[in-house]
Amino acid sequence: MLPNESLRLWGEVTKAILAKQYSKATALKQELEEQQREKARERDRKGEVWKPVFFEQATHPAGKPTLTEKGREVLRRAQRGEWSLEGVL
C-alpha cells in the first residue's frame with residue numbers, strides 16, 4: 001500500500017467511527033486535513049503544481065471523473081479483480 005492511499009490515510013478515522021469513538025474520529029480527521037493543507041501550502045511556497053495521477057480533473061461538470069491513461073489502466077485491472085499498482089506508477 002502506498003503512503004498516500006486513502007485506506008492508509010483514513011484508516012484510523014474509520015476505525016474510530018466504527019468503534020463509536022466520534023471525538024477521536026473528529027480529532028484524527030482534523031489532524032489529517034491540516035496535514036493535507038500544510039502539504040498544499042508547501043507546494044505553493046515551492047511553486048509546484050499538484051497534478052493527480054489517475055484523474056485529469058477531480059470531476060467532470062456532469063459528476064463523472066475524467067481518467068488519465070493510468071487511471072483507465074487501474075480501472076481495467078480492478079474490473080478483473082487485479083489490485084496491484086505495479087507497473088502503473
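Rounded to the nearest 0.5 Å, atoms CZ (Arg37) and CG (Leu32) are 9.5 Å apart. Note: Glu33 CD to Gln36 CD = 7.0 Å, rounded to the nearest 0.5 Å. To the nearest 0.5 Å, atom CD of residue Glu31 and atom OG1 of residue Thr26 are 12.5 Å apart. To the nearest 0.5 Å, the span separating CZ on Arg72 from OG1 on Thr66 amounts to 9.5 Å. A distance of 11.0 Å separates CD in Glu73 from CG in Leu89, rounded to the nearest 0.5 Å. Thr14 OG1 to Leu9 CG: the interatomic distance, rounded to the nearest 0.5 Å, is 10.5 Å.
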CA sep, side-chain torsions, deciding dist, call: Arg76, Glu69, salt bridge (charged side-chain N to carboxylate O under 4.0 Å, His left out): CA-CA 10 Å; Arg76 284 190 289 273; Glu69 181 51 42; 2.8 Å; yes
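Note on Lys15 versus Glu12: salt bridge recorded, some NZ/NE/NH1/NH2 to OD/OE distance being below 4.0 Å. A salt bridge links Arg45 with Glu38: the closest approach of a Lys/Arg side-chain nitrogen to an acidic carboxylate oxygen falls below 4.0 angstrom.
Checked by atom type and distance alone, the side chain of Trp83 pairs as donor or acceptor with a backbone atom of Gly81 at under 3.5 Å. For Arg43 (side chain) and Glu48 (main-chain N/O), no donor-acceptor pair under 3.5 Å exists by modelled atom type.
Between Thr68 and Glu56 the shortest heavy-atom distance is CG2-OE2, 3.5 Å. In plain terms, the two heavy atoms of Ile17 and Ala25 that are nearest each other are CG1-CB, 3.6 Å.
The environment of CD in Glu86 is sparse: at most 12 heavy-atom neighbours from other residues, nucleotides or ligands sit within 6.0 Å.
With contacts defined as side-chain heavy-atom distances shorter than 4.5 Å, the pair Val74/Lys70 does not qualify. Residues Phe54 and Leu75 have side chains not in contact (no heavy-atom distance under 4.5 Å, counting atoms from C-beta outward).
A continuous path of Ile, Leu, Val, Met, Phe, Trp and Tyr side chains, each step under 4.5 Å between heavy atoms, connects Tyr22 with Trp10, placing both in one hydrophobic cluster.
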